[in-house]
Amino acid sequence: MSLTNLQKKKTLLLLLEEIDDEELLMKFMFKKNQNVHDMFQTRKFEGFFSVLIEKHLFRDQRKFREFFRLSYDQFTYVLNLIEDDIKLKSLSLRLTPLLLAPPTKNNLIHIAEEFWTKWNFPNCTGAIDGKHIRIFCPGKSGSLFFNYKDFFSVVLLAIVDANCKFIFVDIGAYGKEGDSGIFTKSSLYKQIQTGEYFPRDAKLPNCEKSLPYVHVGDEAFRLETHMMRPYTRGEAKKDYKKTIFNYRLSRARRTSENAFGYIESTNNYYYEFDKNEAPPTKNMIQIARSGGFANYEGFLVRDEFTTFFCSTQGSVPWQDHETQKID
């Protein structure tokens, strides 16, 4: 597109005077019925930064200035000034300690004391669970966000304390991923593996037996030294002590389900269906989950908790009555 000398002068005058009137500026810069630039014709299919900016704007200095209202050199200068402040990683590092400070070992000991007092599970530093947050399918994502409940989602993985307060979150994993896989890729899991996260093993209440501090989760999680999951239904039916353990773990794990319930009841974050699409009817089917592999130490720790819950020191008066209700 070529501009007359008069149009160029008027355009330059507007830019120099910094008149923020886009319609007036465009009137002199473009002729009627001009051809639409390729970047506008393909933006819905190509994405924003990796294609729109790198493919089109970097190759066209005039279009770059029209888009950003800055020349390339000016844009680079401003970007260098604010780069550290707009990086996602930088923002996360700055905001997370303020909004969700990582618990110290003393905090974890206090959380464990509250779990024993309120939910009768000793040495428990948190209940872990995942929640699928419904989304519209992102373009060109294939089945990455399609979960086993037959809708598209991202996963909110969280650990909560005995008061249903969040102490750790991992947000944004693909809907197709399992809770256990998401957790093993988290920064918290790396701290656990290096021994930096949990306090030293502590004695169980009213006895001399020491056991590690643990998280409690459902069948989706891998049984490990610091991760307790229930026995399978078949195992629990054959051994009443294992039924007792499942009941006590379920009591403690209820805090994570309650925490998600509180959020869902006060904010419309979950299950936002497309108004033009009928809600799915097959997303509540129970699916057996094994939670991947388990390690030997995890079996030993779980068996020790089971023995404790069935002893005079660790049992609660109502557990026999409650477990008899379980099919």
Side-chain angles (χ1 to χ4, degrees), residues 92 95-134 147 153-173 175 177-192 196-199 202 211-230 245-271 289 291 298 301-302 305 309 316:
S92 176
L95 294 178
T96 300
L98 298 176
L99 303 178
L100 193 64
T104 65
K105 292 183 178 181
N106 287 334
N107 294 147
L108 295 177
I109 292 173
H110 177 69
I111 290 172
E113 292 173 350
E114 289 191 312
F115 261 104
W116 170 246
T117 303
K118 296 183 177 182
W119 303 103
N120 314 114
F121 203 108
N123 292 20
C124 177
T125 60
I128 184 171
D129 201 2
K131 183 73 175 180
H132 286 278
I133 303 177
R134 181 179 295 276
N147 61 45
S153 66
V154 293
V155 180
L156 165 60
L157 186 72
I159 299 176
V160 304
D161 66 11
N163 299 306
C164 304
K165 294 181 180 179
F166 291 89
I167 60 175
F168 170 82
V169 294
D170 184 286
I171 306 171
E177 295 186 81
D179 292 346
S180 184
I182 298 170
F183 181 60
T184 54
K185 291 188 295 184
S186 68
S187 58
L188 176 58
Y189 187 79
K190 294 177 182 177
Q191 285 184 282
I192 294 174
E196 300 174 2
Y197 183 73
F198 286 107
L211 285 180
Y213 285 95
V214 298
H215 293 132
V216 293
D218 60 15
E219 301 91 340
F221 293 94
R222 171 180 174 175
L223 179 65
E224 296 183 344
T225 305
H226 297 287
M227 177 67 73
M228 294 292 100
R229 52 170 281 178
F245 173 86
N246 283 1
Y247 166 70
R248 297 288 289 272
L249 182 137
S250 178
R251 268 180 58 82
R253 197 173 62 81
R254 189 182 305 169
T255 55
S256 60
E257 297 178 350
N258 290 349
F260 286 128
Y262 293 151
I263 295 179
E264 190 172 354
S265 63
T266 56
N267 302 282
N268 190 24
Y269 288 156
Y270 309 120
Y271 307 111
R289 297 174 291 177
V301 173
R302 186 170 65 175
F305 274 113
F309 291 147
V316 292

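Treat the numbers as computed from the prediction; the structure is a model and nothing was measured.
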Asker: Where do T255 and C164 come nearest, in terms of heavy atoms and distance?
Answerer: O-SG, 3.6 Å
Asker: Give a yes or no on whether the ring-centroid distance for H215 and F198 is below 6.0 angstrom.
Answerer: yes
Asker: What are the two closest heavy atoms between I111 and I167, and how far apart are they?
Answerer: CD1-CD1, 4.0 Å
Asker: Taking the side chain as C-beta and beyond, is there a heavy-atom pair between P122 and F309 under 4.5 Å?
Answerer: yes
Asker: Please enumerate all residues that pass side chain to side chain contact (heavy atoms under 4.5 Å, CB included) together with N107, with sequence neighbours excluded.
Answerer: P103, T104
Asker: Just say parallel, tilted or perpendicular for the rings of F183 and F168, cut-offs at 30° and 60°.
Answerer: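 Plane angle over 60°, so perpendicular.
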Asker: Enter the distance from C124:SG to R251:CZ here, rounded to the nearest 0.5 Å.
Answerer: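 It is 12.0 Å, given to the nearest 0.5 Å.
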Asker: Pick from L223, V214, L249: which one makes a side chain to side chain contact (heavy atoms under 4.5 Å, CB included) with R302?
Answerer: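 Of all the options given, the one that passes is L223.
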Asker: Of all the heavy-atom pairs spanning A127 and A252, show the shortest one and how long it is.
Answerer: CB-O, 3.8 Å
Asker: Answer yes or no: is there a donor N or O on one side and an acceptor on the other, between the side chain of D170 and the main chain of S186, under 3.5 Å?
Answerer: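 Not a single qualifying donor-acceptor pair exists.
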Asker: Measure the shortest side-chain to side-chain distance between F260 and V160 over non-hydrogen atoms and say whether it is less than 4.5 angstrom.
Answerer: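 No, their side chains stay 4.5 Å or more apart.
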Asker: To check you understand the geometry: which heavy-atom pair defines the closest contact between A202 and N123, and what is its length?
Answerer: O-ND2, 3.2 Å
Asker: Name all residues meeting the salt bridge (charged side-chain N to carboxylate O under 4.0 Å, His left out) criterion together with E257; count only those two or more places apart in sequence or in a different chain, and write none if there are none.
Answerer: R253
Asker: Can you sort out the partners of S250 under side chain to side chain contact (heavy atoms under 4.5 Å, CB included), two or more places apart, ordered by chain and number?
Answerer: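 Checked S250 against side chain to side chain contact (heavy atoms under 4.5 Å, CB included); zero matches.
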Asker: Can you find a pair of side-chain heavy atoms, one from F221 and one from V216, that are under 4.5 Å apart?
Answerer: no
Asker: Is it the case that atom NE2 in H226 sees more than 12 heavy atoms from other parts of the structure closer than 6.0 Å?
Answerer: yes
Asker: Can you name the salt bridge (charged side-chain N to carboxylate O under 4.0 Å, His left out) partners of K185, sequence neighbours left out?
Answerer: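 K185: salt bridge (charged side-chain N to carboxylate O under 4.0 Å, His left out) contacts with E177.
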Asker: With Q191, which residues qualify under side chain to side chain contact (heavy atoms under 4.5 Å, CB included), at least two apart?
Answerer: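 Residues passing side chain to side chain contact (heavy atoms under 4.5 Å, CB included) with Q191: L188, E196, Y197.
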Asker: What are the two closest non-hydrogen atoms of I159 and G126, and how far apart are they?
Answerer: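 Scanning both residues, the minimum pair turns out to be CG2-CA, 3.8 Å.
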Asker: Between F121 and F115, is the ring centroid distance below 6.0 Å?
Answerer: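 No, too far apart.
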Asker: List the residues meeting side chain to side chain contact (heavy atoms under 4.5 Å, CB included) with K165, not counting sequence neighbours, and say none if there are none.
Answerer: D161, N163
Asker: Given side chains that start at C-beta, do those of I192 and M227 come closer than 4.5 Å, heavy atoms only?
Answerer: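 Side chain of I192 against side chain of M227, heavy atoms only: no contact under 4.5 Å found.
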Asker: Taking all non-hydrogen atoms of both residues into account, name the closest pair between T225 and P212 and its distance.
Answerer: CG2-CG, 3.8 Å
Asker: Could you tell me if the side chain of I171 sits less than 4.5 Å from the side chain of V154, heavy atoms only?
Answerer: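 Side chain of V154 against side chain of I171, heavy atoms only: no contact under 4.5 Å found.
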